[in-house]
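These notes are about the structure you will find just below.
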Amino acid sequence: MAASLRSARPHRDFLDIRDFTRDETLALFALAERMRTGTYRGTPMQGRALAMLFMKASTRTRVSFEVGAIQLGGSAHFLSPRDVQLGRGEPIADTARVLARYVHGIMIRTFAHADLVELAEHADVPVINGLTDLSHPCQVLADVLTIRQHLGADDPHPVAWIGDGNNMANAWIEAAALLGFPLRLACPDGFDPDATYLARAQGEGADVQLVRDPREAVRDARVVTTDVWASMGQEDEQLVRARAFAGYTVDEQLMAAAADDAIFLHCLPAHRGEEVTASVIDGPQSRVWDEAENRLHIQKAIMAVLIGDEPLLDD
Ligand code: CP
Ligand code: NVA
């Protein structure tokens with residue numbers, strides 16, 4: 001990267017929820033809140049560029065990072081496998097080294113989490129996880145920001161995850177362990193979340209439980225959330241999964257079994273009639289549009305801190 005624009009601080013990555021401490025995460029929420037309400041007007045990415053590597057499709061992640069970088073005074077550069085040599089077999093390490101000579105941060109959405117880690121190891125600039133098969137931390141921070149917006153920031157509101165133990169479920173487990181809210185996951189046998197994440201959270205005493213019955217998971221929950229049954233890269237399993245997830249649709253009956261004031265979240269894109277009914281996602285308890293908007297605010301906070309040198313806590 002151009003030396004004159006090089007940050008004075010050692011660079012940090014955001015590869016997973018635990019890359020920020022609890023206090024740092026709370027400070028990020030406060031900064032994102034200032035982004036959302038418009039009281040933050042800084043442009044800490046002035047003259048700085050974000051490369052966005054997308055090995056999978058995206059609507060929200062792409063547009064929110066791109067617009068966010070521009071609002072912070074910087075630029076964003078969309079790179080798909082069709083456009084860059086990574087798609088023709090150039091090594092990740094070489095791509096990382098080269099991009100870091102041009103840009104000040106890299107966001108990547110890819111398949112194997114190991115590819116994200118390898119990119120971060122070889123890039124001399126901050127790397128941000130825009131989703132891997134293992135984890136989607138930006139989304140879950142946006143989701144917790146949405147919970148704080150609608151239910152308040154003081155209580156550890158119980159969350160119920162219904163459906164696939166996928167990248168979103170894994171990031172929820174990490175967030176529950178870090179931030180201290182109860183999490184019940186109802187997943188069909190054979191579709192559990194990552195065993196390492198679950199064991200680590202439970203080993204630390206986090207209130208995270210895996211159950212099979214969706215009704216058990218939503219009891220007393222103030223947040224009910226789900227995701228597609230076949231994630232990107234699993235399209236061939238769609239039919240098998242639709243059978244395995246029968247009974248795991250979030251419908252009005254399931255919402256009625258949660259707390260009276262429970263809200264519904266979904267990272268989107270959603271398949272109405274599969275993991276959620278139209279009556280729920282388009283109904284009065286749904287907060288999915290604010291949730292999508294909050295991607296912009298939380299990612300601006302993350303970029304301002306990691307790429308723009310915005311202070312976080314005492315640094
Ligand atoms: N929720 C989410 O990450 O959406 P996109 O796949 O559209 O980026
Ligand atoms: N679990 C989904 C999330 C999409 C934002 C997927 O990986 O496709």
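Counting starts at 1 for both ligands and their atoms, following the listed order.
Judged by the shortest distance from any of its heavy atoms, L268 lies inside the 4.0 Å radius around the atoms of ligand 1. Put simply, no part of R62 is less than 4.0 Å from ligand 1, judged by heavy atoms. No heavy atom of K56 sits closer than 4.0 Å to any atom of ligand 1. Residue contacts with ligand 2: L268 is included, with a non-hydrogen atom under 4.0 Å away.
When only modelled atom types and interatomic distance are considered, S80 and D83 share a side-chain donor-acceptor pair under 3.5 Å. Inspection of the E291 and Q149 side chains reveals no N or O donor paired with an N or O acceptor under 3.5 Å.
Of the protein's heavy atoms, R295 NH1, 3.3 Å lies nearest to atom 2 (C) of ligand 1. Counting protein heavy atoms only, atom 7 (O) of ligand 2 is closest to N167 ND2, 2.8 Å. Protein heavy atom at the shortest distance from atom 6 (O) of ligand 1 is R109 NH1, 2.7 Å. Of all protein heavy atoms, the one closest to atom 3 (C) of ligand 2 is D227 OD2, 3.5 Å.
Closest heavy-atom approach to atom 3 (O) of ligand 1 among the candidates H136, M232, M168, R60: H136.
Shown in contact with T59 at under 4.0 Å from a heavy atom are these atoms of ligand 1, numbered in order with element: 5 (P), 7 (O), 8 (O). Close approach of ligand 1 to C267 is summarised as follows: ligand atoms under 4.0 Å from at least one heavy atom of the residue are 1 (N). Near L131, with a cut-off below 4.0 Å to any heavy atom, the atoms of ligand 2 are 3 (C), 4 (C), 5 (C), 7 (O). Using a 4.0 Å cut-off to heavy atoms of Q139, the atoms of ligand 1 that qualify are 1 (N), 2 (C), 3 (O).
Evaluation of the salt bridge (Lys or Arg N to Asp or Glu O under 4.0 Å) test over residues 166-181, restricted to residues two or more places apart or in two chains, returns R18-E174, E174-R200.
Counting heavy atoms from C-beta outward, V223 and L151 have side chains that approach closer than 4.5 Å. Taking the side chain as every heavy atom from C-beta outward, I302 and F65 never approach each other to under 4.5 Å.
Of the polar atoms of M232, at least one N or O is found under 3.5 Å from an N or O of ligand 2, judged by distance alone. Annotation: R109 places no N or O atom under 3.5 Å from an N or O atom of ligand 2; distance criterion only.
The cationic atom of R62 (NZ for Lys, CZ for Arg) does not lie both less than 6.0 Å from the six-membered ring centre of F54 and within 45° of the ring axis.
Applying the ring pair (Phe, Tyr, Trp, His ring centres under 6.0 Å) rule to F181 yields the partners W172; only residues at least two apart in sequence or on another chain are considered.
The existence of a salt bridge linking D155 and R148 is excluded, since no basic side-chain nitrogen approaches an acidic carboxylate oxygen closer than 4.0 Å. In this structure, R60 does not pair ionically with E293, as no charged nitrogen and carboxylate oxygen lie closer than 4.0 Å.
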(message) Pair R287, D290 - check salt bridge (charged side-chain N to carboxylate O under 4.0 Å, His left out), show working.
(response) CA-CA 6 Å; R287 298 291 180 274; D290 285 342; 5.5 Å; no
